[in-house]
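Chain A is the first sequence line, chain B the second, and so forth, proteins listed ahead of strands; every chain is numbered from 1.
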Amino acid sequence: MQEPELHDLSDDADYAASQQQGSASMMRCDRGKRSSSSEPEGAEIVYLKDNVTIHPTQFASERISGRLKLIKQGSSLFMTWIPYKGQSTNARLSEKDRNLYTISPVPFADVRSIRRHTPALGWQYIIVVLSSGLAFPPLYFYNGGVREFLATVKQHVFLVRSAEDANVFLANDFENPLRRTLSSLELPRAVSIASVPSTPVSVRESTSRENEERTDVGVRDENASTSRYNGRQRQKVHDPARDLSIHVLEKFSLVTKFARETTSQLFWETHSNGFDTFERTNTNQSVLDYNHKVDEDEELPVKSPVAPDPLELERFQVLCQDHPMPTSTLVKQKAPYRKHNHDDEAATNVGTFELIDFKEFDKLSLVWGKPRQPPLGLEEWATFLDSEGRVVDSKALRKRIFYGGIEHKLRREVWAILLGYHTYESTYAERKYLRSIKKTEYETIKNQWQCITCFFRGMGGGEGGAKIVVLLGGFFHKPFVLRLLVAFESISPEQAKRFTKFRERKGLIEKDVVRTDRSLFFYEGDDNPNVNLLRDILLTYSFYNFDLGYCQGMSDLLSPILFVMEEESESFWCFVALMERLGPNFNRDQNGMHTQLFALSKLVELLDIPLHNYFKQNDCLNYFFCFRWILIQFKREFEYEKTMRLWEVLWTHYLSEHLHLYVCVAVLKRYRGKIMGEQMDFDTLLKFINELSGQIDLDATLRDAEALCICAGENGAACIPPGTPPSLPVDNGLFYSQQDEVL
Amino acid sequence: MSYAYLFKYIIIGDTGVGKSCLLLQFTDKRFQPVHDLTIGVEFGARMITIDNKPIKLQIWDTAGQESFRSITRSYYRGAAGALLVYDITRRETFNHLASWLEDARQHANANMTIMLIGNKCDLAHRRAVTTEEGEQFAKDHGLIFMEASAKTAQNVEEAFIKTAATIYKKIQDGVFDVSNESYGIKVGYGGIPGPSGGRDGSSSQGGGCCN
């Protein structure tokens, strides 16, 4: 293995030149050695390259140039990269931040792999991955010199070309010749196992835009043959975690590179390069051939000739933009097939993040949404309250619930606060008082419609009603009775119609509550009192907010609330609070829904332009396929408990009031490969989305949504017009006018 | 499972007339009165045989409430058949037929076959719309008509199959260009590629090619 590898490098056209350059650098560096404090004692600089640059963000002004060195001390080789001082003036990164990227001497014993990228167009760069699982950002060689860098490393460190990918070099600094041999036997095999085509292909696919098509194809062929060759030779065991992480980390690291070329299009340009890629690939491959592949490899969406997911690059870019990170904490891999381990994550100044979804590691979604926490329990809840029951730090509480939800037995108390029925500042006593006041108020409204229903049933409406109203006067608020009186004395056609409407609504509600969650124990069986409570609360609400009234879907929203609150009046007021925000979903003209669907389309355009373009081309931009998701907040997509979990997370409004839209994007992104790969039209897509019901992994989706929300940042917020539900309406008349009194 | 043709159906009509129950009776042969109310749209599918040809019916069961009409309209696109359902025990559901029909005419393709179904005919004692009225409405608007019961399964099978037979006949008569999927018809692997070959294929193939 050693022979051909050495030969391989020596074969490079510029190898000889690089050797010369190498010694020249060495001499040059010898001079500079004394002045540098970062080099170990007795060290010899064997390679030096200026203008090696990292790109923390997509902004050219924020690139950080520096000097890359290879230093030999004794038998060990070290790598350093030091940014130049006082380089840029307008950078958003402070000097301190820039220095965070400094690579202080790293022994090659700690290096797992180096990937080189030598695109036909653009700068050459390398990605160095440490055996600890950390990856440095891509180092761009503005003045060339990747080959000589590798050649120099090769001279001092045992370097094996990966069996899987000719551009990956695996470093092993074993002193023992025997182990060295063993390792050369093991490694290629290991990598070839990890060569489930998804990973390397996806890496290349993400970069394909920067490369000429020709180059890309060439690289693939080369890999294929190398892989086959080694596949026959190597039989040793492998460590999938190790191999996987190499690719994953590189992929992650690559994101910056990719970002450089594409973010301008993603964020600021109107035309889409991404979709071109998609189209081009399609023409290159017959649809039939492609469909066949999809059938075989349904679980390998990255193999599909779909436009690459810009998600990862955005994440990285945003992360770098807003939160420059210390060099050594970029990413840490999680072992595949392992359950969550909360310790297994990388802590940075952005928070913790990690790679997830290794259960299906071929999907390789890179997410740094925090791991979900266990739900908030009673003891912990107490720590959020002062002695009188006020929530001391509402933001901390919302954050806690955002990441973990609430234990069921605590929901009754906390939901009322999250929904805004009780304020965070309220004391136990105040809440108790409000409950009693509101109970009376609820009973009053309920009595109103009950009496009127009786009255109309008995009197058939009309003149005689006035007398009864006067008799009833003692029981009701004066303004209400007065209006009732006026209405009855001269029942105008319009008002008569309203009562017809009320009766219609009543009929509708009665029909719908018996079709709401009846398979659930709580609502099961004939004459279930809880079903009657659903009916009464919805009827009362339709009377309380007559303009909005009742619309299908409301019973879905009320059902979990009643299930949690158990008590009628409490459920009603929590439902009222929820409808303050979601009421526009049920407007007659559907404008609340359309506003959200529109915002969703803008978000997808921002976060996944190839997918957006796909929808556009297939006449799916109305996003009607997400209608049910939004209308009833995913109630039909998850099982009951999960729905409640999702809702309490959404209600925290912790990262955004519109997290539900990011949840939509997250789910769409999860299935983007399938949607685009199978060329779904509107009908197929609608059916597909409908059938996702019960299939969506809530925790993973929430983490994706969180990451997307962070990625989108202000650009995301700008996609969502003010007043978009569940934001409170910017102006009361915009969506509906709510009436506390009726008639 | 392969099919000669796939027909897209849409079920429309006021809320609570029994659209989902009709679908469930047709696809699963059961009646489930406590089925969750439909939000947006639900899907069902079943294979039937017409003229010895396996035909797959893909059925879209829509939400009936007025508020959702703007969304429902987008589902008409590419439907070959529609079941327009009313409840014979609720007059208003019959009164609203004209507005449903108007939607269908406006948003579906002109050759869509529409079957008018007076559902819940098992509840004859609560009947609010006579059979004759239903027949007359159908006649006036060029619809096929049947009274049915999703509960007892009476005429359910017939309604779906008769609609399919009508569509099938239209194909045979060359009314549709079946290669154009906007008519709500897809030609399957066992189907006849194009309207011109239709007649010959239907008499000679006998469905044997579809297994």
Do any side-chain atoms of residues 75-85 of chain B form donor-acceptor pairs under 3.5 angstrom with protein atoms, and if so which ones, sequence neighbours left out?
unit_1: B/Arg77; atom_1: NH1; unit_2: A/Asp619; atom_2: OD2; d: 3.1

Under 4.5 Å from a heavy atom of chain B, the part of A/Lys511 involved: side chain

Does any backbone or side-chain atom of A/Asp512 lie under 4.5 Å from a heavy atom of chain B? Answer side chain, backbone, both or neither. both

In terms of heavy-atom pairs under 4.5 Å, which option from A/Leu631, A/Asp681, A/Leu508, A/Leu686 contacts chain B the most? A/Leu686

Per-residue tally against chain B (heavy atom, under 4.5 Å) across A/Arg588, A/Lys635, A/Gln552 peaks at A/Gln552

Residue among B/Gly40, B/Ser74, B/Ser70 with most heavy-atom pairs under 4.5 Å to chain A: B/Ser74

Just wondering, are more than 12 heavy atoms of other shown residues or ligands nearer than 6.0 Å to CZ in A/Phe598? no

Sorted by number, residues from [range] in contact with chain B (heavy atoms, under 4.5 Å):
{"range": "residues 516-528 of chain A", "answer": "A/Thr516, A/Asp517, A/Arg518"}
{"range": "residues 532-539 of chain A", "answer": "none"}
{"range": "residues 554-563 of chain A", "answer": "A/Ser555, A/Asp556"}

Give a yes-or-no answer on whether the side chains of A/Gln590 and B/Ser67 include a donor-acceptor pair shorter than 3.5 Å. no

Of the options B/Ile39, B/Ile71, B/Val41, B/Thr38, which is the one that meets A/Arg628 in a side chain to side chain contact (heavy atoms under 4.5 Å, CB included)? B/Ile39

[atom2] on [Y] to [atom1] on [X], rounded to 0.5 Å:
{"X": "B/Phe68", "Y": "A/Phe586", "atom1": "CZ", "atom2": "CZ", "answer": "6.5 Å"}
{"X": "A/Asp683", "Y": "B/Lys186", "atom1": "CG", "atom2": "NZ", "answer": "7.0 Å"}
{"X": "A/Phe624", "Y": "B/Arg73", "atom1": "CZ", "atom2": "CZ", "answer": "10.0 Å"}

Side-chain contact test, heavy atoms from C-beta onward, threshold under 4.5 Å: evaluate it for B/Glu42 versus A/Arg636 and give yes or no. yes

Assess whether side chain to side chain contact (heavy atoms under 4.5 Å, CB included) is satisfied between B/Glu92 and A/Glu504, documenting all intermediate values. CA-CA 10 Å; B/Glu92 69 270 20; A/Glu504 270 176 22; 5.9 Å; no

